[in-house]
Amino acid sequence: MGSGRNVAVFGAYGHTGRFVVAELRERGYVPLLLGRDQDKLLALVETHPGLETRQASVDDPASLDRALHGAAAVINCAGPFATTAAPLVEAALRAGIPYVDVAAEIEANVDTFAHFADRAREAGAVVVPAMAFYGGLGDLLVTTAMGDWTAADEAHVAYGLSSWHPTAGTLAAGVVSGQRRSGRRVRYTGGQLEYHDDALPTLEWPFPAPLGPQSVIGEFTMADVVTVPSHLAVPEVRTYMTAKAAADLSAPDASAPTAVDERGRSAQTFIVDVLVCSGGAERRVVASGQDIYAITAPLAVEAVERILTGRTRTTGVVSAGAVFDAPDFLRALSAHLSLHVPLDVRG
Ligand SMILES: NC(=O)c1ccc[n+]([C@@H]2O[C@H](COP(=O)([O-])OP(=O)(O)OC[C@H]3O[C@@H](n4cnc5c(N)ncnc54)[C@H](OP(=O)(O)O)[C@@H]3O)[C@@H](O)[C@H]2O)c1
């Protein structure tokens, strides 16, 4: 068996996986480097001498079982998650270890809740999909903004990205999600996901200084529409994206992020401005930081750390806001996230 400090990272050599591996090492964990391509795993070891590599394929359950042997938890960073999530959750359940992924794909996250909720709960297992910038952070912020409210009329999550240089994995996830929707759009309204063909609205969102008001695409629907309603009674969940970043993402010549600092972060900055409304009252929480891929690593690793140290509220397939103390979780990321939480919603 492992030391309890071994954490498997599936998709370890991907852009996000590399940030996760580095974050685990910084916190004293021993990452097990998992992926489908042994040559890419060995190339990664050149940056992390001494770490163990384990080649495994989602088509081969036995290879996944071998790869997870001795691991205390697994973080799945290999997307599209429409392909990888279910086999990895199955393997984690067989191994009896927690599973965390960084899926931004709405339908894949819905599937994880739908297919594994009962089994994970019965097994007392913790499975956290979308434990990442999209899905996880928004849910932690909405949960924090709700404070003592148990329900709200609306939750708005506005993403103020300075730019968006997407990875190959992001673009592949977008293609898969688009295919699963037959090219339709999706929004969360009336307490459910609604597929439609309406044009996306453009509006101005009043981001706080220094960003200030920005043109955003409304109904730029992200994974928060799965994570937030999974545990909060909010029938309208809307997400917005700065128009410039949305244009970067869909540009035919979209280029991958390039590192500008020693941590490997790009120059991209973000503000996530969350507003919840109930009966005419409003509560707002804002977070800001650098590089949406890099911030995903402390989010996923903090989640694993809390699960492994018993700082969880429930079991089953759960979103971040449901299973963790959201304000405390966000405060723990102060080295990576600047938070503005008004006095009336502080936990
Ligand atoms: N929710 C969020 O905020 C958030 C944040 C970061 C990332 N993500 C998601 O995480 C995924 C990875 O993103 P990334 O930025 O790391 O992209 P990336 O650099 O392109 O890496 C993708 C990784 O997935 C692996 N992979 C793809 N299909 C696989 C399969 N069938 N079996 C095994 N491995 C497979 C790739 O391995 P090969 O090189 O062998 O193909 C590679 O290691 C994307 O889906 C992205 O949307 C979400």
Side-chain angles (χ1 to χ4, degrees), residues 1-81 83-103 112 120 123 125-129 131-132 167-169 172 259 262-265 293-310 336:
M1 289 301 287
S3 67
R5 302 297 286 174
N6 291 339
V7 176
V9 183
F10 190 65
Y13 51 75
H15 187 74
T16 307
R18 287 167 188 269
F19 282 118
V20 169
V21 168
E23 180 73 21
L24 284 166
R25 292 196 71 186
E26 266 181 41
R27 293 186 187 219
Y29 288 95
V30 181
L32 301 172
L33 309 180
L34 275 51
R36 63 178 168 182
D37 187 319
Q38 182 63 12
D39 291 340
K40 291 182 182 176
L41 289 171
L42 291 176
L44 181 60
V45 174
E46 288 173 20
T47 324
H48 298 285
L51 290 189
E52 191 179 334
T53 66
R54 297 179 178 181
Q55 192 275 334
S57 164
V58 293
D59 304 320
D60 179 359
S63 74
L64 294 175
D65 291 345
R66 285 193 297 274
L68 295 186
H69 181 72
V74 58
I75 304 176
N76 184 5
C77 299
F81 292 86
T83 307
T84 69
L88 260 294
V89 176
E90 293 278 6
L93 290 175
R94 285 195 299 275
I97 61 173
Y99 167 96
V100 168
D101 76 31
V102 301
T112 301
V126 178
V127 172
V128 192
M131 192 58 248
T167 60
E262 72 289 347
R263 300 181 75 91
R265 295 184 301 184
Y293 297 97
I295 190 65
T296 290
L299 283 162
V301 174
E302 178 71 19
V304 164
E305 187 147 294
R306 282 174 184 249
I307 297 166
L308 293 179
T309 52
H336 309 275

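As a basis for the values below, the full set of heavy atoms in this structure was taken, side chains included, without hydrogen atoms, waters or symmetry mates. A quick note: this is a predicted structure, and the numbers were derived from the prediction, not measured.
The CD1 atom of Ile307 sits 10.5 Å away from the CD1 atom of Ile97 when rounded to the nearest 0.5 Å. Taking NE2 from His69 and CG from Leu32, the interatomic distance works out to 10.5 Å, rounded to the nearest 0.5 Å.
With hydrogens and angles disregarded, no donor-acceptor distance shorter than 3.5 Å links the side chain of Arg5 to the backbone of Pro31. The backbone N or O of Arg36 sits less than 3.5 Å from a side-chain atom of Gln55, completing a donor-acceptor pair.
Closest non-hydrogen pair, Leu64 versus Ala56, comes out as CD2-CB, 3.8 Å. Between Gly4 and Leu308, the shortest heavy-atom distance links the atoms O-CD1, 4.3 Å. Considering every non-hydrogen atom in both Val74 and Ala92, the closest pair reads CG1-CB, 4.0 Å. Taking both residues in full, the closest heavy atoms of Ala132 and Thr296 are given as CB-CG2, 3.6 Å, listed atom of the first, atom of the second, then distance. Heavy-atom minimum distance, Val304 versus Ala73: CG1-CB, 4.0 Å. When all heavy atoms of Pro129 and Asp101 are compared, the closest pair comes out as CA-OD1, 3.3 Å.
Scored by the salt bridge (charged side-chain N to carboxylate O under 4.0 Å, His left out) test, Arg265 finds Asp261 as partners (sequence neighbours excluded). Every side chain to side chain donor-acceptor pair (under 3.5 Å) that Glu90 has, sequence neighbours left out, goes to Arg119. Scored by the salt bridge (charged side-chain N to carboxylate O under 4.0 Å, His left out) test, Arg27 finds Glu23, Glu302, Glu305 as partners (sequence neighbours excluded). The side chain to side chain donor-acceptor pair (under 3.5 Å) check on Ser63 picks up nothing, with sequence neighbours excluded.
Looking at Pro298 and Ile295, their side chains come closer than 4.5 Å, going by heavy atoms from C-beta outward. Using a 4.5 Å heavy-atom threshold, the side chains of Val100 and Asn76 count as separate. Between Val9 and Cys77 there is a side-chain heavy-atom pair separated by less than 4.5 Å.
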Practice task
Test Val58 against Leu88 for side-chain contact (heavy atoms from CB on, under 4.5 Å), laying out the working first.
Solution key: CA-CA 7 Å; Val58 293; Leu88 260 294; 3.8 Å; yes
Exercise for the section: Go through Leu33 and Arg54 one step at a time and tell me if the side-chain contact (heavy atoms from CB on, under 4.5 Å) criterion holds. Expected result: CA-CA 6 Å; Leu33 309 180; Arg54 297 179 178 181; over 6 Å; no
Practice task
Run the numbers on Met131 and Val102 for side-chain contact (heavy atoms from CB on, under 4.5 Å), then give the verdict.
Solution key: CA-CA 5 Å; Met131 192 58 248; Val102 301; 5.6 Å; no
Would you be so kind as to tabulate the donor-acceptor pairs closer than 3.5 Å made by side chains of residues 10-22, with sequence neighbours excluded?
{"unit_1": "Tyr13", "atom_1": "OH", "unit_2": "Asp37", "atom_2": "N", "d": "3.2"}
{"unit_1": "Arg18", "atom_1": "NE", "unit_2": "Tyr13", "atom_2": "O", "d": "3.0"}

Contacts under 3.5 angstrom, residues 40-51 side chains, donor-acceptor by atom type, not counting sequence neighbours:
{"unit_1": "Thr47", "atom_1": "OG1", "unit_2": "Leu44", "atom_2": "O", "d": "3.4"}
{"unit_1": "His48", "atom_1": "ND1", "unit_2": "Arg25", "atom_2": "NH1", "d": "2.9"}

